[in-house]
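Working notes, structure below.
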Amino acid sequence: MELAKSPITVAEGGPRVSEPAKVEEVRNASSGQGQEALKDVVCGSLAGIVGKYIEYPFDTVKVRLQSQPDHLPLQYTGPLDCFKKSLNRDGFIGIYRGISAPLVGAAVETGCLFFSYRLAQDAVKAVGIYPVLAKNPEQDLPYSAMLYCGAISGAVTSLFLTPIELVKCKVQVPLETPGAGLVRPGIISIIGSIYRHQGLKGYWRGQLGTLIRETGGSSAWFGGFEGMKLLFKKYNHQSGSTSDELLVHQRLIAGATAGMSYNFLFYPADTIKSRMQTEDVKAITGGKSSFGAVGRAIWQQHGLKGLYRGCGITVARSIPSSAFIFTIYEELKKRWPEQQAALERIVLDPRYHDALSLVKGIRNGLVYGTKVRFPHALVMIVLFRSGSLRTKAWLVFKATRQHARNLALFSLVYKSSMLFLRRTSPTGKERHYDSFLAGLIGGYTIFGRDIHNSVSQQIVIYVFARVCLALAKLAVQPRGIGKIEGGGGGLGLISNEQLRRELVRNAWPAFASLSWAAVMYVFRWHPETVQPSLRSSMSYIYVQSDDWDSLRNFIWHNK
């Protein structure tokens, strides 16, 4: 269709396009944008993880050099001394201590950088600042525009990166206490400590430093890479090449240049940020903790050298790291269709079906457990539990995590047992009692070994109640095929059709009445035997409604 192929212009007097064509183009554009966003995030995240493994030992040394206190003699005379002492004290594994948070940070940072960089480029093209792009939308932006897009990308990324870098810096710099020597807190304890002492705002301590470093640094990062690409493209064309594709070694050099530009130009901001995140800076600033006050204090004490302490090793680490990040990112994007097709073949290959069914069972258990438990826990805990909002939020999280974990693990054990029983069957097919045995194994493994877990109790009680109802239906339903496809029908214990219909009509009222009669009797005279959450809700409705001492308590909440 010719109209769909031609570009739509928004300038006055441009070609008019029919509504169906517009809708189709918008749909295709939206799908294409989604694919590009997924590519940026996935490829950028993978490249960032690889780069972080390369640079992390250098980064540990850099943070320890930057964070040396001023009121004590320097622990390290330089990067090599710091690296040697860290190896002697912590071993090689210790150099990678706390890498889990940085790996998440690297994935978030790099994925967000490339994603927001492309979005910024698309926005600049859409605004129409550069008339040359109106004639050829596929043409690359001018170099100055790429610098602006890099700065925007860094500013956006800094918001996500500051909390991760805060935790990473505190993990990399062990605390020294007079009595216990080095204290090495874990990631979870550090996250909790920050919230207890500084609240939610504390996670963005050092945000200004990260913003300055990421805004200027990302402009230099992308600018260094794009600038080297332009030079290499010009060199290749002069050498007779007609392709705009760079050779692998050229991409590596361009990435290395980007890393050096990023780290050297805005290194002082990173130094100030690290000091703010790893120690109480009020001692060196006279009670102030702002970015400018810390920067002035370091300048007065150590001059420019203090602001660039650890810069050499940082630039050294950035050379291989950025070289591989850009190269891996571009290679992954280039090979994306091949990788997608390869994954599609694996997912659809019958040889992997059983193993992948276990993975999907775990995924579905996690999703369903979260969907079911979260709203229930939110209502029950907020209404019926006392305590601070933080305590209630933690209880909601724990209950949701427990429910999702239980269902996911049960799915894994049950489906694994079913596969084992089927494979060991003489006929190679599922036997009638296999599901019972697999459920027995899963029920004991996941739910049967912990009687004190309230979430597990609720799940088991719910299942038991459903089984009772199912057995009642099974007893009265006639033999034959069930109403649902694949159903086995009933047991046909009652052959008289009229009697069966009477039982079906009256069984539920009797069951409901007796159930509520029994639970109210037990709650009245033996409340300690009732499940805790049910006891709390019943107490709220039936006991606490008997007492009030003011209009406020009568209308708004219980006494």
Quick one: [atom1] on [X] to [atom2] on [Y], what's the gap to the nearest 0.5 Å?
| X | Y | atom1 | atom2 | answer |
| --- | --- | --- | --- | --- |
| E109 | I325 | CD | CD1 | 7.5 Å |
| S158 | R213 | OG | CZ | 9.0 Å |
| I441 | I446 | CD1 | CD1 | 11.5 Å |
| R351 | L356 | CZ | CG | 11.5 Å |
| L366 | T400 | CG | OG1 | 12.0 Å |
| Q339 | E331 | CD | CD | 9.5 Å |

Under 3.5 Å, side chain of [X] to main-chain N/O of [Y], donor-acceptor pair present?
| X | Y | result |
| --- | --- | --- |
| S539 | S536 | no |
| R251 | T327 | no |
| D349 | R345 | no |
| T445 | G442 | no |

Query raised in the report: Cut-off 3.5 Å, side chains only: do Q458 and R373 have a donor facing an acceptor?
Result: yes
Query raised in the report: Are E214 and Y262 close enough that a side-chain donor and a side-chain acceptor fall under 3.5 Å?
Result: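 Looking only at side-chain atoms, Y262 and E214 do form a donor-acceptor pair, the distance falling under 3.5 Å.
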Using distance only, find each side-chain donor-acceptor pair of residues 405-414 under 3.5 Å and give its atom names and separation, not counting sequence neighbours.
from	atom 1	to	atom 2	distance (Å)
N406	OD1	Q402	NE2	3.0
N406	ND2	Q402	O	3.4
N406	ND2	S456	OG	3.1
S411	OG	G361	O	3.2

Report task. Apply side-chain contact (heavy atoms from CB on, under 4.5 Å) to Y56 and L103, showing your working. Result -> CA-CA 9 Å; Y56 193 74; L103 282 181; over 6 Å; no
Just distance, no hydrogens or angles: give the donor-acceptor pairs under 3.5 Å from side chains in residues 43-53, sequence neighbours left out.
from	atom 1	to	atom 2	distance (Å)
S45	OG	V41	O	2.6
S45	OG	A107	O	3.2
K52	NZ	E55	OE2	2.8

**Report entry** Carboxylate-amine/guanidinium contact K415 D354, below 4.0 Å
**Finding:** no
Requested in this report: Look at K334 together with E330 and state whether they make a salt bridge at an N to O cut-off of under 4.0 Å.
Outcome: no
Query raised in the report: What residues form a salt bridge (Lys or Arg N to Asp or Glu O under 4.0 Å) with K39, not counting sequence neighbours?
Result: E36
Please report the shortest heavy-atom distance between [X] and [Y], naming the atom on each side.
| X | Y | result |
| --- | --- | --- |
| V530 | F523 | CG2-CA, 4.0 Å |
| K392 | R385 | CE-O, 2.9 Å |
| I346 | Y352 | O-CD1, 3.4 Å |
| W204 | T162 | CA-CG2, 3.7 Å |
| T370 | A404 | OG1-CB, 3.5 Å |

Requested in this report: Could you pull out all residues at least two apart from W508 that satisfy ring-ring contact (aromatic ring centres under 6.0 Å, His included)?
Outcome: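 Residues passing ring-ring contact (aromatic ring centres under 6.0 Å, His included) with W508: F511.
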Report summary line: Taken in chain and number order and not counting sequence neighbours, the residues that satisfy ring-ring contact (aromatic ring centres under 6.0 Å, His included) with Y329 are F114
**Report entry** Test log, rule side-chain contact (heavy atoms from CB on, under 4.5 Å), inputs T157 and S218
**Finding:** CA-CA 9 Å; T157 304; S218 296; 5.9 Å; no
Under the rule for side chain to side chain contact (heavy atoms under 4.5 Å, CB included), what residues qualify as partners of [X], not counting sequence neighbours?
| X | result |
| --- | --- |
| Y542 | W516, M520, M538 |
| V467 | V463, L471 |
| F160 | V108, C112, V156 |
| R431 | L421, T424, S425, P426, Y433, D434 |

Query - Partner set under side chain to side chain donor-acceptor pair (under 3.5 Å) for S388, not counting sequence neighbours - result: T391
Report summary line: side chain to side chain donor-acceptor pair (under 3.5 Å) filter on K398, not counting sequence neighbours, yields none
Report task. For this output row, return yes or no: ring centroids of F326 and W221 closer than 6.0 angstrom. Result ->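 They qualify: ring centres under 6.0 Å apart.
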Report task. Take K333 and D40, measure what side-chain contact (heavy atoms from CB on, under 4.5 Å) needs, and give me the verdict at the end. Result -> CA-CA 8 Å; K333 281 201 74 171; D40 289 325; 3.2 Å; yes
Requested in this report: Look at atom CD of E497 and say whether more than 12 heavy atoms of other residues, nucleotides or ligands are closer to it than 6.0 Å.
Outcome: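 Atom CD in E497 is packed in, count exceeds 12.
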So do the side chains of [X] and [Y] get within less than 4.5 Å of each other, counting heavy atoms only?
| X | Y | answer |
| --- | --- | --- |
| S417 | L437 | no |
| V396 | F374 | yes |
| R505 | R501 | no |
| L159 | L211 | no |

**Report entry** side-chain hydrogen bond (donor to acceptor under 3.5 Å, both in side chains) contacts in which one or both residues fall within residues 355-368, not counting sequence neighbours
**Finding:** none
